[in-house]
Amino acid sequence: MPDVKTQIVLPLSRFYASSAALRRRTAGAARLLVDLVYPARCVHCGRPGQLLCDRCLSEAPRLGRSVCRRCAQPLAIPSLCGSCAFDPVVLSTTLAVFQFGGAIRAAIHALKYSDLRSIAPVLGALLTTDPRFAELEADIVVPVPLHRKRLRTRGYNQSELIGRVVARRLGIDMSPGMLRRLVDTPPQARARSRTERAAGVRDAFRAGEGASGRRILLVDDVTTTGSTLRECARSLLKAGATRVDAIVVAREV
Ligand SMILES: [Zn+2]
Ligand SMILES: [Zn+2]
């Protein structure tokens with residue numbers, strides 16, 4: 001018997017890929033017809049109505065306050081994890097709202113690999129409704145950049161689409177050009193250690209002059225060990241940023 005992934009996730013990703021392709025090619029009345037034929041469906045369970053239904057969302061495991069404040073690794077009590085305790089401060093805090101899995105993984109995959117850009121505002125809004133969001137202080141939002149080759153292939157940076165909502169809610173600007181990704185690092189495999197992952201992104205980013213004297217809020221869709229966020233923060237601090245925090249939809253645990 002085919003597993004759940006074959007039964008639901010694969011047909012759904014085909015559904016979103018084909019509906020997104022149709023939406024791109026149509027406008028006006030034809031577009032309305034496409035919306036009628038392909039109404040919004042939950043990316044996880046397929047139920048019609050919302051891109052992420054209330055039931056799937058309520059079942060998605062959230063990361064509370066019992067985490068390392070710098071890298072969001074779950075801990076028994078809120079403090080610093082062993083790795084962060086002995087590291088120089090690069091990233092002041094990381095706010096990760098969900099554990100990466102289930103409906104949240106389906107939503108992020110649909111955004112990145114099935115061209116479902118319309119789910120980015122849904123994910124952005126979920127960040128802003130976390131109680132810890134109100135504690136953030138920043139002057140500017142900077143999305144974690146894609147390398148220009150990957151940006152050309154995908155056509156958009158998913159972190160920038162999420163960052164737009166975050167910046168609007170904080171009432172500050174977003175600067176997608178402040179940080180550049182110089183090295184096209186391959187998607188990092190789950191099994192690799194924190195040390196290997198850190199080496200994979202070292203010196204991969206360069207920050208522009210706009211960082212000087214600013215408190216920066218980095219935005220990304222998902223983080224695994226925090227290596228990419230730390231490397232981004234390192235470049236921004238080198239360019240004169242006074243403080244760097246990060247907010248992500250999900251963290252792998
Ligand atoms: Zn659902
Ligand atoms: Zn940590």
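Atom set for the values below is all heavy atoms of this structure, side chains included, hydrogens, waters and symmetry mates excluded. When a ligand or atom number is given, it counts from 1 through the structure's own listing order. Please read these numbers as outputs of a predicted model, since none were measured by experiment.
None of the N, O or S atoms belonging to His44 lies under 2.8 Å away from the Zn ion (ligand 1).
Counting non-hydrogen atoms of other residues, nucleotides and ligands closer than 6.0 Å to CZ of Arg206 gives a total of 12 or fewer. Shown here is Glu135, whose CD atom has more than 12 heavy atoms of other residues, nucleotides or ligands within 6.0 Å.
Taking 4.0 Å as the cut-off between side-chain N and carboxylate O, Asp87 and Arg70 do not count as a salt-bridged pair.
Rounding to the nearest 10°, we obtain 110° for the angle at the Zn ion (ligand 1) between Cys42 SG and Cys56 SG. Angle SG(Cys71) to the Zn ion (ligand 2) to SG(Cys68): 110° [nearest 10 degrees].
In this structure, Arg181 fails the cation-pi test against Phe205, since its NZ or CZ atom is not both closer than 6.0 Å to the six-membered ring centre and inside 45 degrees of the ring normal.
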